[in-house]
Amino acid sequence: MQFNNRFPKQEKLKSVKDIGFLFESGKSFNAFPLRVVYAKKTTKTGILANVGVSVPKKNIKLAVNRNLIKRRIKEAYRINNHELKNGIKNADVELNIMLVYTAKEICTYNQIEEKIKVILNRLNTWCEKGCE
RNA sequence: AGAGCAAAUCGUUCUAUCGCGUUAUGCUUGCAUAAUGAGGAAAGUCCGGCCAGCAAAGAGCAUCUAACCCGGGGAAACGCGGGGUGUAGCAAUGCAACAGCUAGUGCCACAGAAAAUAAACCGCCAGGCCUUUGGCUUGGUAAGGGUGAAAAGGUGAGGUAAGAGCUCACCAGUUAUGACAGUAAUGUUGUAAGCUAGGUAAACCUUUAGAGCUGAAAGAUCAAAUAAACCAAGGAUUGAGGGUUGCUCGCCCAAUCUUGGAGGGUAGAUCGAAAGAGGGUAAAAGUAAUUUUAUUCCCAGAUAAAUGAUAGAAAUCCAAUGAAAAUUGGAUAACAGAAGCCGGCUUAUAGAUUUGUUAUUUUA
């Protein structure tokens, strides 16, 4: 097990303004079943990355299943996020990230974890290139 | 024994590691330790409340809700016990659209002559005319045919040109009105009227009873910067409007502009917001809903919204093998996630257990 694989409240993306700004001007790519929207923060807050998770009601009807998917995504991010944080730290930036679930069926934890790894690697290389 | 019906209960448990929310404590002030963290429906938002706001918080209408009877319970909604009527079922038992189409209006597809101030397509009967085994036409006729979910009481007799509640007998129903039984709903029964009237109120509506309206995104407080609204002063303009719960009345206020004052509450923060018509246990009263007394507990509190992931056991279920013990493999379920709280209702629900009860089959 890894040390310090945490995902506390402060690292969640909460502000409605930030989320609105992210969807307006952020970059994005797809990694089915997930869609990633990300951008550099406009002002630094001391937190390397704020991450939000969204499961649209349109695709997943029952609240129970939406909760289940959110928890699986958060768990996968929590376990695998330390390399990305290192990358961000080296590039000297801070990020806002939004993960949107686009599938209409419930994926297993293993499927989600693999995709999360792919996404985090891609973000990491983006940071190494200088966030452009 | 398998099946049905009713009521009630459960609807995985434990351990380890890594995490998340809340609370408490500690200090190094963002970390450590400890405690705690979804349901019987948390759901639908259909009722009733608590709570809060709306202040000229008054009236009427509209709207919404309820709708067999008695008893008893509850804050109310609405349960509970017993009974009646209708209906489904062999039964246990379930269900209720159990006030009113004889207040009014509307609707009744297709088919059919006609779907409602009763109707004539075929048929039947009578009259008239003609080119007379027939045809045309005028009228009568609801017995027969065909259509339809539904065709205007049924059977028989009389009656008639043919027919018809046209008349009569019996049966069925309706309305009116008695008698008896019952607290009552209602039941049994008598008399009168040929009265025979289609269905639909889960169509509008009518009757009776109740509700002021809004809804925690309520509402209260707070920081920085604006605006709307508020108060005061001023001048000019407009001329009966504006506000008040869906409407009407009633009630309240003139409106617009400038300056000043005081203040202001957004996608932010705190409160509201978790000790209550509370839960558990025991005893007592009651068939029960429920009530009383004693004792004990504090039992989620988020806000882009915590309760998860992985591993291992147990237990249960399923499948295969086997005479059995057992072995191997698989699954952890169904419906479903708190969002102010409480009491109901309704809907969804794999599987398991207990109790009572019903008919059937087999055995004794």
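A, B, ... follow the sequence lines: proteins, then strands. Residue 1 opens every chain.
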- Closest heavy-atom contact between A:N30 and A:R122? O-NH1, 4.5 Å
- Message: Just confirming the chi classification of B:A52, syn or anti, using 90° around 0 as the syn window.
- Response: anti
- Item | Path from A:I97 to A:V118 over hydrophobic side-chain contacts below 4.5 Å | no
- Message: What's the separation between atom CG in A:L99 and atom OH in A:Y77, rounded to the nearest 0.5 Å?
- Response: 8.5 Å
- Task: Can you tell me the pairing partner of B:U147 across any strand shown, Watson-Crick or G-U wobble, with both distances under 3.5 angstrom?
- Result: none
- Message: Looking at the base of B:G19, is there any donor atom on it, or on the side chain of A:E75, that sits under 3.5 Å from an acceptor on the other one?
- Response: no
- Item | Watson-Crick or G-U wobble mate for B:G187, both contacts under 3.5 Å | B:C180
- Where does B:G246 land, syn or anti, given syn is within 90° of 0? anti
- Item | Any-strand Watson-Crick or G-U partner of B:U175, both distances under 3.5 Å | B:A192
- Item | Pairwise P distance, B:A254 and B:A233 [rounded to whole Å] | 13 Å
- Nearest-angstrom distance from the residue atom CZ of A:R66 to C1' of B:G308: 18 Å
- Message: When both hydrogen-bonding distances must be under 3.5 Å and the geometry is Watson-Crick or G-U wobble, what is B:A352 paired with, if anything?
- Response: B:U9
- With syn meaning chi within 90° of zero and anything else anti, the base of B:G79 is syn
- Message: Just the rounded figure in Å: distance from C1' of B:A309 to CD1 of A:I69.
- Response: 15 Å
- Message: Would you say A:R71 places a side-chain N or O within less than 4.0 Å of OP1 or OP2 belonging to B:U307?
- Response: yes
- Task: Using the C1' atoms only, state how far B:G187 lies from B:C204, rounded to an integer number of Å.
- Result: 37 Å
- Query: Which nucleotide, in any strand shown, forms a Watson-Crick or G-U wobble pair with B:U33, with both distances under 3.5 Å?
  - Reply: B:A24
- Item | Paired nucleotide for B:A66 [Watson-Crick or G-U wobble; both distances under 3.5 Å] | B:U208
- In whole angstrom, give me the gap between the P atoms of B:G312 and B:A6. 45 Å
- Message: Please find the pair of heavy atoms, one from A:Y101 and one from A:I73, that lie closest to each other, and give the distance.
- Response: CD1-CD1, 4.0 Å
- Glycosidic class, syn or anti, of B:G276 using a 90° window around 0: anti
- Task: Identify whether the glycosidic angle of B:C247 places it syn (within 90° of 0) or anti.
- Result: anti
- Query: Which one is paired to B:C317, where only Watson-Crick or G-U wobble pairs with both distances under 3.5 angstrom count?
  - Reply: B:G330
- Task: Identify the nucleotide, in any strand shown, that forms a Watson-Crick or G-U wobble pair with B:G156, with both distances under 3.5 Å; if there is none, say none.
- Result: B:C168
- Query: A:K70 NZ to B:A306 P: how many Å, rounded?
  - Reply: 6 Å
- Query: Expressed in whole Å, how much space separates the C1' atoms belonging to B:A288 and B:C80?
  - Reply: 6 Å
- B:A151 and B:A197: how far apart are their C1' atoms, nearest whole angstrom? 15 Å
- Message: Roughly how many Å apart are B:G154 and B:G173, using the C1' atom of each and rounding to a whole number?
- Response: 11 Å
- Mind checking the P distance from B:A113 to B:U200? Whole angstroms is fine. 27 Å
- Using the P atom as the reference point in each nucleotide, state the distance between B:A149 and B:A111 in Å, no decimals. 12 Å
- Message: Ignoring hydrogens, what is the shortest heavy-atom contact between A:V55 and A:K70? Give both atom names and the distance.
- Response: CG2-CG, 3.7 Å
- Item | Residue mapping more 5' on RNA chain B - nearest nucleotide basis, A:R72 or A:N67 | A:R72
